[in-house]
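Down below is the structure, laid out as structure tokens.
Below, chains carry the letters A, B, ... as their sequence lines are ordered, and counting in each starts from 1.
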Amino acid sequence: MQPLPRSFYDRDTELVARELLGKQLVHRVDGELRVGRIVETEAYLGVLDLAAHSSRGRTPRTEVMFGPPGHAYVYLIYGMYNCLNAVTGPEGQPTAVLFRALEPVLNLEGKTSGPGLLCRAMEIDRSLYGHDLLSEDFFISEPAESEEFEIVARPRVGVDYAGADWASRLLRFYIKGNSHVSKK
DNA sequence: TCATTGATGGTCT
DNA sequence: GACCATCAATGAG
């Protein structure tokens with residue numbers, strides 16, 4: 001089990017969002033590995049994407065997205081939940097992929113069918129902001145054995161504020177038929 | 001099953 | 001001061 005190479009993330013964000021499906025998110029906490037299979041993602045396309053935090057400009061919060069790919073963008077939402085993203089694309093292009101749901105593989109307790117819930121189960125919070133995903137305690141890897149699956153594309157969740165054009169784009173991806181996907 | 005609402009605090013204006 | 005890439009509880013039907 002080893003991290004995906006940085007070149008995996010340094011590509012088109014929509015492609016990375018699709019290819020992250022079926023991969024394994026790994027976090028080592030207190031020497032114990034927590035592992036989940038990624039079953040749902042969303043792509044955020046940067047400065048032009050009015051649903052993306054980075055479209056509001058470079059701020060302390062969005063800073064990491066302007067840096068090199070393969071790093072974690074973690075933010076607090078609604079004062080209660082953390083959300084995890086992987087920074088994608090070349091340095092200077094503030095694009096990222098949001099992790100929306102996992103299928104439990106190892107040492108996960110509680111629900112993982114939502115971006116806030118999966119962070120809670122994986123024990124991911126803002127202390128991991130900017131963390132390199134090519135590290136030995138927090139990374140994404142190929143699964144031990146891969147299964148065949150179909151990908152479904154749908155509009156992203158909770159981004160109506162971005163206007164009809166961006167809110168309706170099919171930038172949410174999930175594994176068809178998987179019971180851990182956050183919403184039908 | 002669906003629509004509504006409260007919790008709770010960082011971020012940006 | 002307004003908004004928010006969420007979730008669970010509530011109540012109506």
Q | Distance, rounded to the nearest Å, where A/R100 contributes CZ and C/dC7 contributes P | A | 6 Å
Q | Between C/dA5 (C1') and A/R172 (CZ): distance, integer Å | A | 12 Å
Q | Any A/Y161 side-chain nitrogen or oxygen under 4.0 Å from OP1 or OP2 of C/dA5 | A | yes
Interface polar pairs with nucleotides 10-13 of chain B, N/O, under 3.5 angstrom:
{"residue": "B/dC12", "atom": "OP1", "partner": "A/T59", "partner atom": "OG1", "Å": "2.2"}

**Q.** Gap between atoms CG and P, on A/L117 and C/dA5 respectively (whole Å)
**A.** 17 Å
(Q) Restricting to non-hydrogen atoms, name the atom on A/R11 and the atom on A/T88 that form the minimum distance, rounded to 0.1 Å. (A) O-CB, 4.4 Å
Q.
If I take atom CZ from residue A/R120 and atom CD from residue A/E109, how far apart are they, to the nearest 0.5 angstrom?
A. 12.5 Å
Q.
With a cut-off of less than 4.0 Å, is there a side-chain N or O of A/R120 near OP1 or OP2 of C/dT6?
A. no
(Q) Tell me the interatomic distance from A/I77, atom CD1, to B/dA7, atom P, rounded to whole angstroms. (A) 18 Å
Q) Is there aromatic stacking of A/Y78 against C/dT6, centre distance under 5.5 Å, plane angle under 30°? A) yes
Q) So do the side chains of A/E123 and A/R34 get within less than 4.5 Å of each other, counting heavy atoms only? A) yes
Q.
Given a 3.5 Å cut-off on both pairing distances, which stems involving DNA chain C, each at least three consecutive Watson-Crick or G-U pairs, are present, if any?
A. B:1-7 with C:6-12, B:9-12 with C:1-4
Q: Whole angstrom is fine here: how far is it from CG in A/D125 over to P in C/dT6?
A: 18 Å
(Q) Please tell me whether A/S54 and A/T62 have a donor and an acceptor in their side chains that are separated by less than 3.5 angstrom. (A) no
Q: Would you kindly give the OH-to-C1' distance between A/Y81 and B/dT8, to the nearest whole Å?
A: 10 Å
Q: Look only at the side chain of A/E40 and the backbone of A/S182, and say whether a donor-acceptor pair between them is shorter than 3.5 Å.
A: yes
Q | Short N-O contact, A/D49 and A/R156, less than 4.0 angstrom | A | yes
Q) How close or far is atom C1' of C/dT6 from atom CG of A/L102, stated in whole angstroms? A) 15 Å
**Q.** Atom pair distance, as rounded to whole Å: CD1 in A/I124 and P in C/dA5
**A.** 19 Å
**Q.** Side-chain (A/D132) to main-chain (A/S135) donor-acceptor, under 3.5 angstrom
**A.** no
Q. Rest of the hydrophobic cluster containing A/Y75 (Ile/Leu/Val/Met/Phe/Trp/Tyr, side-chain heavy atoms under 4.5 Å)?
A. A/Y44, A/V64, A/M65, A/Y73, A/I77, A/Y78, A/M80, A/Y81, A/V87, A/L98, A/Y129, A/V159, A/Y161
Q. Taking atom types as they are modelled, is there a donor-acceptor pair under 3.5 Å from the base of C/dA5 to the side chain of A/Y75?
A. yes
Q) Salt bridge or not for A/E63 and A/R58, using N-O below 4.0 Å? A) yes
